[in-house]
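Before any comments, here is the structure.
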Number of protein chains: 2
Amino acid sequence: MNEPEPSGEKRRSPTIIDVARTADVAVGTVSRYLNGQPIRRANREQIEQAIQELGYKRNAAAASIRTDLTHIIGFLVPRFDEFHAQMLEHLSNTVRRSGRAVLSYCHGGDPRVIAEALDIFAAQRVDAIVMDGTADVYDRVDELLSQNIPIIFYNNDLRGLAVDRVMVDNYRASYRIVSHLADLGHERIGILMGDLANSSGLERLSGYEKALQEKGIEIDPALKVKGNWTIDGGYQATTRLMALEQRPTALFCANYGMAIGAMSWLKENGLHVPDDISLVSYDDVPVFRLYESGITAVAQPIATIAETITDILLERLGEPSNRVTRSVTLECDIILRGSTRRVA
Amino acid sequence: MNEPEPSGEKRRSPTIIDVARTADVAVGTVSRYLNGQPIRRANREQIEQAIQELGYKRNAAAASIRTDLTHIIGFLVPRFDEFHAQMLEHLSNTVRRSGRAVLSYCHGGDPRVIAEALDIFAAQRVDAIVMDGTADVYDRVDELLSQNIPIIFYNNDLRGLAVDRVMVDNYRASYRIVSHLADLGHERIGILMGDLANSSGLERLSGYEKALQEKGIEIDPALKVKGNWTIDGGYQATTRLMALEQRPTALFCANYGMAIGAMSWLKENGLHVPDDISLVSYDDVPVFRLYESGITAVAQPIATIAETITDILLERLGEPSNRVTRSVTLECDIILRGSTRRVA
DNA sequence: TTGTACGCGTTATCAA
DNA sequence: TTGATAACGCGTACAA
């Protein structure tokens with residue numbers, strides 16, 4: 001349509017052919033140099049000089065078309081909250097050591113965006129996909145798997161798929177932290193639940209219920225309120241819990257966002273932690289050391305999760321494909337601070 | 001080396017040729033279909049069925065080798081703290097609307113990693129790069145620019161490069177919030193500075209100084225302490241400030257991380273905000289509503305920053321390259337809460 | 001509108 | 001080791 005703009009137009013990058021010509025060697029030799037294979041010393045120097053001179057940069061797309069390797073890892077999460085952002089940072093750093101980069105996508109819970117993300121990952125031919133497992137992806141993940149793209153679930157699981165998994169023991173950590181509340185004499189413990197379509201949401205609830213059962217505390221359905229992982233949800237949930245005839249004396253927030261929401265409500269209504277109500281949360285963040293007398297929380301081993309994911313990734317990408325999936329479950333720490341108190 | 005594993009091997013994905021053969025049309029027709037160009041109705045149906053049947057996914061690398069367009073945006077930041085994580089989330093969502101995805105890299109302040117990231121972006125032939133400007137990149141950015149890769153700086157600037165810029169008015173926001181402290185009668189106001197190699201670090205300091213000058217308050221060098229943007233740095237800086245003979249009566253933390261560090265120190269030492277000391281911070285986060293009586297803070301317009309970046313990006317990628325760079329500076333809001341009080 | 005054939009920048013093969 | 005050349009999957013002139 002337009003006549004070719006001689007200046008300004010995206011200038012053709014120099015190619016391996018240009019390098020070969022400038023260095024006066026064959027393209028095959030340059031390719032071998034680029035891939036770290038041994039070549040004659042004199043040629044190496046010629047090539048290095050030519051690359052420098054031309055400002056040559058290998059075209060990864062052209063390479064991947066032959067090798068079927070892009071050195072890109074797809075990373076799919078619902079949102080970049082504290083937890084997922086930290087995961088991305090750690091994951092970026094661990095996969096970087098093997099020369100890979102992370103293509104991230106954030107779906108906000110929208111199934112269409114999830115499908116879109118997986119399509120893009122497929123089109124980009126990412127070497128592997130790391131994702132927060134969620135119910136809406138079953139078919140598409142299965143499809144990707146059949147094309148032999150390694151997939152690793154973390155945070156939330158989805159049974160029945162031949163993927164690798166790196167999870168934390170949500171059940172046990174919740175059980176422990178709620179037991180702690182019960183040990184302090186709390187019998188009316190409210191839970192701000194995440195989405196129960198997520199395995200972590202379900203497991204954190206189960207741990208809560210188990211702890212109560214074990215102490216012989218009746219489980220009151222009115223004390224189980226959905227907060228949908230968000231600040232707003234946590235706020236609403238707290239509103240409902242505190243409107244009960246028999247208010248809870250302690251709150252278990254199943255993630256950081258909902259804890260913020262709960263604390264907002266409490267603050268607005270002049271209630272203090274732990275004097276007026278005890279509060280514990282999943283996910284430990286730096287501010288939890290600061291708020292009131294400190295918030296007792298479950299600390300997920302984020303660095304270890306990222307390292308484990310990367311280990312599995314490298315193993316998968318190294319070996320000729322091995323269909324035995326790995327499943328790792330890591331323990332969380334309970335960080336005791338001052339947000340709980342004993343009740344009669 | 002290994003004999004070819006017939007099963008398990010990364011199965012060849014179906015190609016456009018397979019689709020053409022299955023649909024009994026020519027590859028050109030399929031290609032036109034994929035790119036939304038008009039084709040005969042009967043063929044369209046054949047093709048759609050073939051794609052479905054084969055599970056065909058276009059190979060983006062092969063396409064990009066021809067079009068020089070990858071639909072990938074490179075995103076380079078020092079770390080994924082609250083601010084940058086929110087930026088990534090917003091940026092992901094805005095560029096998604098034009099079918100693009102974000103390849104992110106996190107350099108942790110290491111110049112070698114920065115160089116590595118830019119190399120990878122160049123090799124991947126990203127359509128554009130969005131990055132936090134920093135001094136260590138001058139030459140490499142210039143090189144990228146000469147290859148006509150659009151680059152947009154945000155958060156921190158670096159003069160003398162033909163890049164687009166989306167910044168906030170750090171100077172003015174700092175000036176306003178420090179003036180607020182001065183208006184309340186504070187004369188010894190400590191500043192926890194970020195890295196002065198960053199333009200935002202420098203500008204926030206300048207705004208602080210300007211506010212003091214204007215009120216006729218002498219600038220005491222002892223009240224200006226480096227915190228290097230981190231929690232630890234903020235903690236250390238506060239330690240030094242509070243060890244002064246004449247302690248500050250107010251603290252201006254130049255970012256969220258350092259504010260957390262400062263608040264940690266204050267808490268450990270039994271000082272309350274604002275009764276014992278006033279505190280304001282750059283970067284607004286949800287928890288600032290909660291801490292003590294709320295933290296007065298500068299709120300950056302993150303959504304608008306991301307939208308502006310995307311607008312510029314789309315304009316750049318649309319037009320035949322236009323060398324006039326754009327530079328946008330956005331205003332920040334000052335959110336007044338309860339972390340300051342009047343002094344004699 | 002459709003089909004053919006070539007080119008894009010790399011890697012991989014094979015003979016030298 | 002090296003050079004020559006055939007793939008790789010897709011876009012796109014060009015002729016039909």
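Quick note: numbers below take in every heavy atom, side chains included, and nothing from hydrogens, waters or symmetry partners.
Arg66(A) contributes no side-chain N or O that forms a donor-acceptor pair with the base of dT10(C) under 3.5 Å.
The side chain of Arg40(B) sits closest to dT2(C) out of dC10(D), dT10(C), dT2(C). Considering only the side chain of Ala63(B), dC10(D) comes nearest among dC10(D), dT2(D), dT11(C). Of the listed nucleotides (dT2(C), dG3(C), dT10(C)), dT2(C) has the atom at the smallest distance from the side chain of Asn43(B). The listed nucleotides are dT1(D), dG11(D), dT2(D); the one nearest the side chain of Pro38(A) is dT1(D).
Side chains of Ser200(B) and Asn156(B): a donor-acceptor N/O pair is present below 3.5 angstrom, by distance only.
In this structure, CG of Leu34(B) is placed 15 Å from P of dG9(D), rounded to the nearest angstrom. In this structure, Arg21(B) places its CZ atom 18 Å from C1' of dT2(C), rounding to the nearest Å. Rounded to an integer number of Å, the gap from CG of Asn59(A) to P of dC8(C) is 13 Å. Summarising the geometry, the separation between CG on Asp24(B) and C1' on dG3(C) is reported as 12 Å, rounded to the nearest angstrom. Atom P of nucleotide dC10(D) and atom CG of Leu69(B) are separated by 17 Å, given to the nearest angstrom. Rounded to whole Å, the distance from CZ on Arg32(B) to P on dT4(C) is 12 Å. In this structure, Ile16(B) atom CD1 and dC8(C) atom P are separated by 19 Å, rounded to whole Å. As rounded to whole Å, 16 Å separates atom P of dT1(C) from atom CG of Asn35(B).
In the displayed structure, Gln49(A) atom CD is contacted under 6.0 Å by at most 12 heavy atoms of other residues, nucleotides or ligands.
At a threshold of 4.5 Å between non-hydrogen side-chain atoms, the residues Leu144(A) and Phe121(A) do not count as touching.
Counting any heavy atom pair closer than 4.0 Å across all strands shown, Ile65(B) reaches a base atom. Arg58(B) comes within 4.0 angstrom of sugar-phosphate atoms only, judged by non-hydrogen atoms across all strands, and of no base. Ser31(B) comes within 4.0 angstrom of a base, heavy atoms only. Across all strands shown, Val25(A) has heavy atoms under 4.0 Å from sugar-phosphate atoms exclusively, and none from any base. Across all strands shown, Tyr33(A) has no heavy atoms under 4.0 Å from either base or sugar-phosphate atoms.
Residue Thr15(A) has no polar side-chain atom (N or O) positioned under 4.0 Å from OP1 or OP2 of dC8(C). Thr67(A) has no side-chain polar atom (N or O) that falls below the 4.0 Å cut-off from OP1 or OP2 of dT11(C).
Asp110(A) places a side-chain N or O within donor-acceptor distance of the main-chain N or O of Arg112(A), the cut-off being under 3.5 Å. Judged purely by atom type and a 3.5 angstrom limit, Thr22(A) has no side-chain atom pairing as donor or acceptor with the backbone of Ala50(A).
Atom-to-atom distance recorded for Arg125(A):CZ and Ile149(A):CD1 is 7.5 Å, nearest 0.5 angstrom.
DNA chain C is contacted by both Ala62(A) and Val27(B); Val27(B) maps to the nucleotide lying nearer its 5′ end (nearest heavy atom per residue).
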